[in-house]
Amino acid sequence: MPELADTGRRIKELRVSAGMTQHDLAGSEMSSSYISLVEHGKRIPSGRALKILAERLGVEVAEISGAAAPSENTGPVRRLDLVGRLVAARRQWDGGDVEGALSEFRALAETEPASRQDDVFTEAQLAIAEILGTLGRADEGTEVLERMLAELAPEPYAEPRLRTLIALADLLESAGRVQDGLRYALTGHLECTARRPGTGFHSLLVLDVLTRCAYWSGCPDWAPDTDHGRPEGDGVLPGPRASVDLHRALHLRDRGEPERATALLAECARRVTPAAGFPLWEKINGHYALLLLRRGEAAAARSLVERGLVVASVAQEPGFPLWLTTAAAAGAEAAGDPALLFALGEELTALPDTGRSHEKAAALGEIAAACVRAGDRERAAGYFRYSADLFRRAQAYRHAERAREQLTELIEKRA
């Protein structure tokens, strides 16, 4: 009889390689905690459970149970070998060996078609594109994904095609090409809605990237208000859910509904922890602090910012806490400390313009508004001008127009 730990290990490796969470694998018949116990070798899955898990993982029962496969069928052995290499490459990546992982993923993607497994091939190419994006080579990553999409285009709805559309939209938004990203996000949303996939997981990822791209493109109404396919229950996929709510809150703020925006962000801040992803967590708390400052709740805002910066320091997060720093600068103005406001403004200005340049542009807009309140209109004008230019480069044209309007209004007041 196969070792229980081996069965759990195989299930976990196959789940991770498929990009699934324990919640996805559990479905409606099981619980995430049950899947966790199985993967840690603390529960023996029944025959029925093994069959359900195998179907969701796209493999034969023998492949996860360890039962002997027919001698003429070497497919499962070959697939397990490829999955093992895929998992090892991910570990390299997580361990900081980015170039080594990239090389191994490319080797997997270049496997001869005769011995290639489609799911491993897809995972490898998606990983290549994501790594290239993190290395600042978004154009190369986009080429990888567009080739994948061209190969998948003749097919009706399939998970690889939808995942490629999501990855493309996400990569382009991250690279500051929000309208290009919106095109792929809309395509993914339409296909997802028409075909009604069996799980809400990919529907939620599509909604997340569509909401982000639509907001920054200046077309927030293009993202649906309904949460089709959104799993219920607190704590389920907190990252994508919170990202959707964050950008809905920003839209509410922009259209003059700060109370609703604040309430939505307060709920996000309550629900989401740094474990959901520090960049998203600090963005939520930074924007929430800015809204609290607008309401005159300076002490609550300061507490949020101080706690967030401590978390960033203790966790040694490599990314710059853009929105917590922006909120700290606005808080300095509210506290009558223009020197700190100006110093933090210069720190934000010095950040690279690559990556999510629309995020930097929005942060500079907040700094500019704080400088106006502090009485330094010359400095504010420079920030508004810089913000408008960054928005334009990121294809966020309506946001660029708003920054230009603020600049024009400031100049006219000065005159």
Side-chain angles (χ1 to χ4, degrees), residues 133-139 169-182 209 211-218 220 243 246-247 249-251 253-254 277-291 293 305 308-309 312 317-333 340-372 376 379-407 410:
T134 62
L135 294 175
R137 295 155 63 182
D139 289 344
D170 189 58
L171 179 60
L172 289 167
E173 189 266 332
S174 299
R177 294 167 56 185
V178 295
Q179 292 199 4
D180 292 338
L182 179 60
V209 72
T211 304
R212 277 186 280 129
C213 289
Y215 173 77
W216 290 114
S217 295
S243 177
L246 166 63
H247 290 87
L250 296 181
H251 176 44
R253 178 203 63 188
D254 293 348
F278 181 80
L280 176 62
W281 180 81
E282 81 90 15
K283 191 184 302 183
I284 289 169
N285 282 274
H287 279 293
Y288 183 32
L290 286 168
L291 282 172
L293 284 168
V305 171
L309 292 175
E317 287 292 331
F320 183 82
L322 176 66
W323 287 104
L324 287 171
T325 303
T326 303
E333 180 277 322
L340 179 57
L341 163 65
F342 300 151
L344 292 175
E346 291 303 309
E347 191 174 350
L348 289 172
T349 303
L351 293 175
D353 292 344
T354 54
R356 286 190 165 91
S357 52
H358 44 294
E359 295 273 3
K360 178 179 175 180
L364 289 173
E366 295 284 352
I367 297 295
C371 287
V372 171
D376 193 332
R379 195 184 298 263
Y383 284 135
F384 277 133
R385 191 175 292 110
Y386 190 8
S387 174
D389 182 56
L390 285 178
F391 274 135
R392 180 185 55 78
R393 283 190 262 166
Q395 303 176 338
Y397 299 117
R398 292 190 184 179
H399 291 275
E401 182 180 356
R402 188 177 300 119
R404 284 289 179 188
E405 289 172 353
Q406 291 172 305
L407 174 62
L410 182 62

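- Between Gly286 and Ala327, the shortest heavy-atom contact is O-CB, 3.7 Å.
- Remark: Asp376 CG to Phe342 CZ distance equals 4.5 Å, nearest 0.5 Å.
- In this structure, CD in Glu359 is found 6.5 Å from CG in Leu322, a value given to the nearest 0.5 Å.
- Counting only distance, with no hydrogens or angles, the side chain of Glu333 and the backbone of Ala370 share no donor-acceptor pair below 3.5 Å.
- How far CZ of Arg177 is from CG of Asp139: 5.5 Å, rounded to the nearest 0.5 Å.
- Side-chain contact check for Asp254 versus His399: some heavy-atom pair is nearer than 4.5 Å.
- Once rounded to the nearest 0.5 Å, the distance linking OG1 of Thr211 with CG of Leu250 reads 11.5 Å.
- Across every non-hydrogen atom of Ala380 and Cys371, the tightest pair is CB-CB, 3.8 Å.
- Within the 4.5 Å cutoff, side-chain heavy atoms of Phe320 are placed close to those of Leu348.
- Side-chain contact between Gln395 and His358 is absent, with no heavy atoms from C-beta onward closer than 4.5 Å.
- Summarising the local packing, CZ of Arg137 is surrounded by more than 12 heavy atoms from other residues, nucleotides or ligands at distances under 6.0 Å.
- Using modelled atom types, no side-chain atom of Ser387 and backbone atom of Tyr383 make a donor-acceptor pair closer than 3.5 Å.
- In this structure, Arg212 and Val178 have side chains that are not in contact, with every pair of non-hydrogen atoms separated by 4.5 Å or more.
- When atom types are taken as modelled, the side chain of Glu282 and the backbone of Trp323 share a donor-acceptor pair closer than 3.5 angstrom.
- Minimum heavy-atom separation, Thr349 to Gly345: OG1-O, 2.8 Å.
- Looking only at side-chain heavy atoms (C-beta outward), Asp353 and Lys360 come within less than 4.5 Å of each other.
- In plain terms, the two heavy atoms of Leu341 and Ala329 that are nearest each other are CD1-O, 3.5 Å.
- For His247 (side chain) and Ser243 (main-chain N/O), a donor-acceptor pair under 3.5 Å exists by modelled atom type.
- Ala381 and Leu407 get closest at one heavy-atom pair: O-CD1, 3.5 Å.
- Two residues are said to be in side-chain contact when any heavy atoms from C-beta on lie closer than 4.5 Å; Leu280 and Leu246 meet this criterion.
- Electrostatic pairing of Arg393 and Asp389 counts as a salt bridge here, judged by a charged N lying under 4.0 Å from a carboxylate O.
- The CH2 atom of Trp281 sits 6.5 Å away from the CG atom of Leu324 when rounded to the nearest 0.5 Å.
- Taking OG1 of Thr326 as the start and CG of Leu344 as the end, the distance is 9.0 Å to the nearest 0.5 Å.
- In plain terms, the two heavy atoms of Leu171 and Gly133 that are nearest each other are CD1-CA, 3.6 Å.
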